[in-house]
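All values derive from a computational prediction rather than experimental measurement.
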Amino acid sequence: MAQQGKGMVVPPISNGATSGWRSQQKSSILLILLIASLSVLLGIAYIVTLAFSPAPLGAPPPESTLSDDALCSWGNLYLPEIVIPVRYDHNLSCSFDPLTNSPARAQGQTAIRLRASQSTTCVVLHAGENVDITSVELVSLDRVISGRVLKRNPSLQQVILTFVDGLLQPTEPGPSAGKTVDLRPKGVGPNGDEDEQKLPTLVLNYTYEIQPGLDGFYASEFTDAEGVRHPIFSTQFESIAARKALPCFDEPRFKARFAVVLSAPPAPFVVLSNMPLQSTRNRTDGLAEYTFEVSPPMSTYLLAWVIGELASVETVCETEYKSVPLRVWSSPDKVGMLGTALSVGCTALMTLSTTFGVPYALPKLDLVGIPNFAAGAMENWGVITYRETSLLVDPYVVPNDVHQDFRVALVVSHEIVHQWFGNLVTCADWSELWLNEGFATYFENLAAFAYRPSYGYFTKFFAQETVSALVDDAVSSHPLSGTPEPGALYSRVKSLAQVDAQFDGIEYDKGAAVIRMLRSYLMAVSKQAEESAAEMRAKPCRRRRRHLQQQQQQKQ
């Protein structure tokens, strides 16, 4: 492996003579370097702030007003910002017959509490073609307004809902029917408060088959040592597949809280989601109902749940800020291969919490191996899913299989970095994906190094990431960031196909290489500034010593 590159290094400032004009020149150069460093840092901070921060949901949206005709005939790739989700109460039942080959079915009810900047008779959101919406209602205080699906747009995976009585009717009792009503709430705190209960709520009932696949809410299975097949149902929503599992506002900028209730077979089945399990009760139909704690605001692509006969190893990670329960899951026959992932995961949580100076945001973390999985792993907040080959390490083979140990440490660390970069702070649009994946690719080396310093992860960074980025650049290059439209704060992808096309080596490897170059440059400038400052602080001491020596010589 090649040695780690040094990036951009500033030549050292010469000490020169001790004359006044030399000192002034050196001070001027130092000042210029410090200003340049601060400018670079502020520039990076500004870019990150714009890219990771969605438009403030309380601020007037770009479409400050839209006519009902425009909303009811919506045909743009991006959803209008007239109506914004605040909280999803998501209740889903998964039923199947293990003795037959009939597809499992999902029956769901999702209640979305909304904020609206104007009165409207139509609401536009995402729903996959597989999702059969059976009923639509709008609940506003003590009124229930019937609705229906006005139009589906399969090419954009959008659905337009309209309401039989119209939203122009009052949302509170008293005013006469037909009066225009402003649906905007008085205010909702970032974690929800009493005003959240007063918001208009869109209630959608729907059903669909849970088919084998690799995205949305899909079915897979594992076969035990006796040849018996066991089903596992899991989700993969990044980048645009949450809409295949529930009607939702499926764009990263639309962050909302999620209250998840899942109904599935009882033990030995295990049900996991982003947040800790709050309660369980048995239903009369033989299913068990699992209620989870309410999540902080997050994007739909980070929502996740897993249902299956799983086994785990667990520990409690003592980070600088708090204790975090960590569990690693797989099929029961592979539970002996989870030790490495448990050790890496705990090391990553402790290392990254301290490095970023920000605690891990959720109360727990689960890592789950899925038999059928498209990507290497997925950073769902609080319940990360992995392809089994990216999570399992056979303890009887690992002394002779350094490559697997090396790779699992990187993949596990990469997804845990995303718990900060991508989950806690999120790109407003997929066009700035390089900030998400670039930071995760760079800092995965830090967490993996903390787990196994002898592997020299940063020493191999240039050969693995930078060279790979140069190769990708030579074959099919594109800018890391898109070009914003006139007057826009950030760029946007132009089609659904372009969203998935963003996930390439340029975003991952080149993004990480650029971040490494910037860090190397700033570290060099910072080191020079510290050395120069120390030298300047030492000068008065040297002058004082010379003065004392001269006095002693005169006395002699």
- Task: Please answer whether the main-chain N or O of Thr300 pairs with a side-chain N or O of Lys255 as donor and acceptor at a distance below 3.5 Å.
- Result: no
- Query: Are the side chain of Asn130 and the backbone N or O of Lys244 linked by a donor-acceptor pair below 3.5 Å?
  - Reply: yes
- Message: What I'd like to find out is whether the side chain of Val260 reaches to under 4.5 Å of the side chain of Leu303, using heavy atoms alone.
- Response: yes
- Message: For the residue pair Glu379 / His414, report whether a side-chain donor-acceptor contact shorter than 3.5 Å exists.
- Response: no
- Item | Leu114/Thr201 under side-chain contact (heavy atoms from CB on, under 4.5 Å): CA gap, chis, key distance, verdict | CA-CA 6 Å; Leu114 304 171; Thr201 302; over 6 Å; no
- Message: Ignoring hydrogens and geometry beyond distance, is a side-chain donor-acceptor pair present between Thr385 and Asn380 at under 3.5 Å?
- Response: yes
- Do side-chain atoms of Thr207 reach the backbone of Ala106 as a donor and acceptor pair under 3.5 angstrom? yes
- Kindly state whether the ring of Phe269 and the ring of Phe96 have centres lying under 6.0 angstrom apart. yes
- Task: Return the minimal non-hydrogen interatomic distance between Cys317 and Leu349, and the atom names on each side.
- Result: SG-CD1, 4.1 Å
- Aromatic ring centroids of Tyr386 and Trp329 under 6.0 Å? no
- If you draw a 6.0 Å radius around CZ in Arg519, do more than 12 non-hydrogen atoms from other residues or ligands fall strictly inside? no
- Message: Listing request: all side chain to side chain donor-acceptor pair (under 3.5 Å) pairs with a residue in residues 345-362, at least two apart in sequence or in separate chains.
- Response: Glu320-Thr354
- Query: Are any non-hydrogen side-chain atoms of Val159 and His126 less than 4.5 angstrom apart?
  - Reply: no
- Task: Would you confirm whether the ring centroid of Phe217 sits within less than 6.0 angstrom of the ring centroid of Phe237?
- Result: no
- Query: Between the side chains of Gln109 and Asn205, is a donor N or O closer than 3.5 angstrom to an acceptor N or O?
  - Reply: yes
- Give a yes or no answer on whether the side chain of Arg387 reaches the backbone of Gly376 with a donor-acceptor pair at less than 3.5 Å. no
- Message: Within this structure, what is the CG-CG distance for the pair Leu287 and Leu262, rounded to the nearest 0.5 Å?
- Response: 11.5 Å
- Could you go step by step and tell me if Arg243 and Val131 meet the side-chain contact (heavy atoms from CB on, under 4.5 Å) rule? CA-CA 8 Å; Arg243 61 196 70 177; Val131 178; over 6 Å; no
- Item | Side chain proximity check, Met275 to Val383, heavy atoms < 4.5 angstrom | no
- Message: Within the structure provided, determine whether Ser93 and Arg283 are in side-chain contact (heavy-atom separation under 4.5 Å).
- Response: yes
- Going from CG on Leu302 to CG on Asn423, what distance comes out if it is rounded to the nearest 0.5 angstrom? 4.5 Å
- Message: Are there over 12 heavy-atom neighbours, none belonging to Glu388, within less than 6.0 Å of that residue's CD?
- Response: yes
- Message: Can you confirm whether the side chains of Asp500 and Ser239 place a donor and an acceptor under 3.5 Å from each other?
- Response: yes
- Task: Take Val228 and Thr223 through the side-chain contact (heavy atoms from CB on, under 4.5 Å) test and state the conclusion after the steps.
- Result: CA-CA 5 Å; Val228 178; Thr223 304; over 6 Å; no
- Check whether any side-chain heavy atom of Asp89 sits under 4.5 Å from a side-chain heavy atom of Asn91, and report yes or no. no
- Query: Is it true that a side-chain atom of Gln107 and a backbone atom of Leu92 form a donor plus acceptor pair closer than 3.5 Å?
  - Reply: no
- Item | Stepwise salt bridge (charged side-chain N to carboxylate O under 4.0 Å, His left out) check, Arg407 with Asp405 | CA-CA 6 Å; Arg407 180 177 178 276; Asp405 193 47; over 6 Å; no
- Do Phe249 and Ile84 touch side chain to side chain, with heavy atoms closer than 4.5 Å? no
- Closest approach of Gly438 and Ile515, non-hydrogen atoms and distance? C-CD1, 3.5 Å
- From Ile384, Val328, Leu272, residue fulfilling side-chain contact (heavy atoms from CB on, under 4.5 Å) relative to Asp366: Leu272
- Would you check if there is a donor-acceptor pair between the side chains of Asn274 and Ser295 at a distance under 3.5 Å? no
- Just by distance, do the side chain of Trp434 and the backbone of Lys510 share a donor-acceptor pair under 3.5 Å? no
- Note on the structure: CG of Leu125 to CZ of Phe254, rounded to nearest 0.5 Å, is 10.0 Å
- Can you list the steps and then say if Val514 with Leu480 is a side-chain contact (heavy atoms from CB on, under 4.5 Å)? CA-CA 10 Å; Val514 168; Leu480 285 174; 3.9 Å; yes
- Query: Taking Gln404 for the side chain and Thr389 for the main chain, is one N or O donor matched with an acceptor at less than 3.5 Å?
  - Reply: yes
- Check: Glu289 and Thr280 side chains under 4.5 Å, non-hydrogen atoms: no
- Message: Please check: side-chain N/O of Ser279 versus main-chain N/O of Thr291, any donor-acceptor pairing under 3.5 Å?
- Response: no
Extract all donor-acceptor atom pairs below 3.5 Å that involve side chains of residues 307-316 and protein atoms in other chains or at least two apart in sequence.
{"residue": "Glu309", "atom": "OE2", "partner": "His230", "partner atom": "ND1", "Å": "3.1"}

- Query: Which value, rounded to the nearest 0.5 Å, describes the distance between Glu444 atom CD and Tyr508 atom OH?
  - Reply: 10.0 Å
- Message: To the closest 0.5 Å, what do you measure between OG (Ser234) and CH2 (Trp305)?
- Response: 10.5 Å
- Query: Minimum heavy-atom separation for Ser413 to Val344, with atom names?
  - Reply: OG-CG1, 3.6 Å
- Item | Leu392 to Ser330 - nearest heavy-atom pair and separation | CD2-CB, 4.3 Å
- Item | Residue pair Phe258 / Ser299: nearest heavy atoms and the distance that separates them | CE1-O, 4.5 Å
- Step through it carefully: locate the ring centre of Phe449, locate the ring centre of Tyr457, and say whether they are under 6.0 Å apart. no
- Item | Check: Asp429/Tyr78 side-chain N/O donor and acceptor closer than 3.5 Å | yes
- Query: Should the pair Phe421 and Phe439 be assigned to parallel (<30°), tilted (30 to 60°) or perpendicular (>60°) ring geometry?
  - Reply: parallel
- Message: Minimum heavy-atom separation for Glu209 and Arg105, please, with both atom names.
- Response: CG-NH1, 3.0 Å
- Query: Under 4.5 Å between any side-chain heavy atoms of Tyr301 and Ile240, yes or no?
  - Reply: no
- Item | Gln236 side chain vs Glu238 backbone, donor-acceptor pair below 3.5 Å | yes
- Task: Go through the steps for Asp224 and Arg229 under the test salt bridge (charged side-chain N to carboxylate O under 4.0 Å, His left out), then give the verdict.
- Result: CA-CA 7 Å; Asp224 63 22; Arg229 296 188 299 179; over 6 Å; no
- Please answer whether the main-chain N or O of Glu437 pairs with a side-chain N or O of Glu507 as donor and acceptor at a distance below 3.5 Å. no
- Message: Distance check, rounded to the nearest 0.5 Å: Ile416 atom CD1 versus Leu365 atom CG?
- Response: 5.5 Å
- If you count the non-hydrogen atoms of other residues, nucleotides and ligands that lie under 6.0 Å from OH in Tyr208, is the total more than 12? yes
